[in-house]
Protein chains: 2
Amino acid sequence: MRRIAPALRREELINAAVTVIARDGIVAATTRAIASEAKMPLGAFHYVFDSRDELIAAVIDELMGRELGRALEGITLGGPRTVTQVLEAGLNGFIDWLTENPDLELALFELAFFAARTGTSGGMGAQYSAYYRASAALVAQAAVLGGVQWNEPVDRLARHLTALVDGLTTTWLADRDTAAAREFASLAASALATKVHPISHPQTTVTQEYSHHAH
Amino acid sequence: MRRIAPALRREELINAAVTVIARDGIVAATTRAIASEAKMPLGAFHYVFDSRDELIAAVIDELMGRELGRALEGITLGGPRTVTQVLEAGLNGFIDWLTENPDLELALFELAFFAARTGTSGGMGAQYSAYYRASAALVAQAAVLGGVQWNEPVDRLARHLTALVDGLTTTWLADRDTAAAREFASLAASALATKVHPISHPQTTVTQEYSHHAH
DNA sequence: GTCTATAAAATGATAGAC
DNA sequence: GTCTATCATTTTATAGAC
């Protein structure tokens, strides 16, 4: 048949793997199932990837990129003013996405634990570093839009937010109770917002002294 | 050889499965690996369980029982007085256990997602029902020890607590940052404690009226 | 009842024709 | 470069000797 650019084949296999893992779970993501989903012969698989683990690692990288992109968009949508409102809006936006893509979120957890067991793609650590970065973007933006400063390092708050999002996700995946999830989002936003102080009255002993006067 | 009571064999296989899953992950928990761990011939496996999935379901049930037992003990340890302190002490107790049994907590997540994919043991729902019950015990006890009442149904608060514990766990499993986890425990305890009011002054229609005047 | 031996199917990876 | 055919393992599950 026609020659296909290696980069394209690689992309198609990754997308096929994402589809299979989201639909049937990582256990069902065999080389045959993935190649079949990509409408490629099995032989083409090892022409692009040396091993199955190498593909799984590529899938994690791909999904982390998407996650970051998704987190960064839609944050600046006008409306909310206070830090709590911005955070809650961000979490509710995540819930909207979660309820429409539950299988993909399930897949992300499966991939994280797979990485933890096999050491693939730097273990869970690499994946959560990406989550922390995505959360840091929201945390930082919330302070800017709310016109306040954080009392704690953004990195630490980003880790807290990641934990809150994870808990929100696992419980919703288990019981699919969206109303409860939104209530938890409210609790989570308020909890983080306690770590803030007005930008006009900077505190004394705080680690961060600078100020972001946005607009 | 000697005849062994079926109930004992069953128990030994379940314990062996827990060991294997915690050590090597659920993917590595093959019938051979489990039987070998239990020092039984492979043939004995299907003498007790019809299939591998049936064993996994039994493992989930077993671990949920342990989880409930663990949650209920150690709560009444004297010391903390306020609701926040009781909750934080409970969460820190969990962190102590988590840091000593990280592989088992990893296994619990793997089992939950496995159940979600296969429908084994009632899916994730059954497992999280057990978590909710365990969390409800801590939530209820915190109010009693703190001499307060909750503004929201205990079931809802128990779900919140489960989400907080889940997020605490996943992030710690990813970065093993115990100091950060304890800080998150403090945040989580304070967040839940906002849903309380003094038992001596029951409020009327209010969702939450007073708040914490952060010094 | 117990356990060895084996069946039947699935999987990751490769060889080799074109 | 492409893809069919196949290897070598590993898996769940069972048959059948004792």
Side-chain angles (χ1 to χ4, degrees), chain A residues 1-21 23-60 107 110-111 113-115 117-121, chain B residues 1-21 23-60 107 110-111 113-115 117-121:
Chain A
M1 282 229 185
R2 265 214 348 251
R3 186 179 184 282
I4 300 178
L8 182 60
R9 287 207 106 113
R10 182 186 160 86
E11 198 175 339
E12 286 173 350
L13 279 171
I14 291 174
N15 286 332
V18 171
T19 301
V20 172
I21 297 174
R23 189 184 54 215
D24 304 320
I26 196 172
V27 177
T30 65
T31 55
R32 276 179 175 77
I34 293 167
S36 172
E37 180 71 31
K39 291 168 184 169
M40 284 181 203
L42 178 59
F45 182 95
H46 288 283
Y47 181 76
V48 183
F49 292 100
D50 283 341
S51 70
R52 177 177 177 269
D53 279 18
E54 190 182 317
L55 168 65
I56 299 295
V59 167
I60 293 175
E110 289 183 292
L111 287 168
F113 294 124
F114 178 85
R117 290 295 187 189
T118 62
T120 303
S121 194
Chain B
M1 283 230 184
R2 267 219 344 254
R3 185 179 182 283
I4 301 178
L8 182 60
R9 289 207 104 110
R10 183 186 160 87
E11 197 176 339
E12 286 173 350
L13 280 171
I14 290 175
N15 285 332
V18 170
T19 300
V20 172
I21 297 174
R23 188 185 56 216
D24 305 319
I26 196 172
V27 177
T30 65
T31 55
R32 273 181 176 73
I34 293 167
S36 173
E37 180 72 29
K39 291 168 184 168
M40 285 183 204
L42 179 57
F45 182 95
H46 288 283
Y47 182 77
V48 182
F49 292 101
D50 283 342
S51 70
R52 177 176 177 270
D53 279 18
E54 190 182 316
L55 168 65
I56 300 295
V59 168
I60 293 176
E110 290 183 290
L111 286 168
F113 293 124
F114 179 86
R117 290 295 187 190
T118 62
T120 303
S121 193

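Below, read A as the first sequence line, B as the second, and so on, with proteins coming before strands; counting in each chain starts at 1.
When rounded to the nearest whole Å, the span between CZ of A:Arg9 and C1' of D:dG1 equals 9 Å. Summarising the geometry, the separation between CD1 on B:Ile34 and P on D:dA13 is reported as 11 Å, rounded to the nearest angstrom. In this structure, B:Asp24 atom CG and D:dT11 atom C1' are separated by 16 Å, rounded to whole Å. What separates CE of A:Met40 from P of D:dT2 is a distance of 10 Å, to the nearest Å. Atom CD1 in B:Ile56 sits roughly 14 Å away from atom P in D:dT11 (whole-Å rounding).
Separation of atoms OG1 (B:Thr19) and CD1 (B:Ile14) is listed at 12.0 Å; rounding is to 0.5 Å. With values rounded to the nearest 0.5 angstrom, B:Asp24 atom CG is found 12.5 Å from A:Thr118 atom OG1.
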Output a table of donor-acceptor pairs, distance under 3.5 Å, between side-chain atoms of residues 43-51 of chain B and any protein atom two or more places apart or on a different chain; print 'none' if there are none.
| residue | atom | partner | partner atom | Å |
| --- | --- | --- | --- | --- |
| B:His46 | ND1 | B:Asp50 | O | 3.2 |
| B:Ser51 | OG | B:Glu54 | N | 3.3 |

Would you be so kind as to tabulate the donor-acceptor pairs closer than 3.5 Å made by side chains of residues 25-39 of chain A, with sequence neighbours excluded?
| residue | atom | partner | partner atom | Å |
| --- | --- | --- | --- | --- |
| A:Thr30 | OG1 | A:Ala33 | N | 3.1 |
| A:Glu37 | OE1 | A:Arg23 | NH1 | 3.3 |
| A:Glu37 | OE1 | A:Arg23 | NH2 | 3.2 |

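Not a single salt bridge (charged side-chain N to carboxylate O under 4.0 Å, His left out) links B:Glu12 to another residue, sequence neighbours left out. A:Phe113 is linked by a ring pair (Phe, Tyr, Trp, His ring centres under 6.0 Å) to B:Phe109, B:Phe113, counting only residues two or more places apart in sequence or in another chain.
A rotation axis mapping the C1' atoms of four pairs onto the next four is fitted at both ends of the helix from C:dG1-D:dC18 to C:dC18-D:dG1 over five pairs, and the angle between these axes is 20° to 10 degrees.
Nearest heavy-atom pair, B:Leu111 versus B:Ile56, reported as atom, atom and distance to 0.1 Å: CD2-CG2, 3.7 Å.
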Point to revise | Under 4.0 Å protein heavy-atom contacts per nucleotide of nucleotides 11-18 of chain C, with B for base, S for backbone only and - for none | key: BBBB----
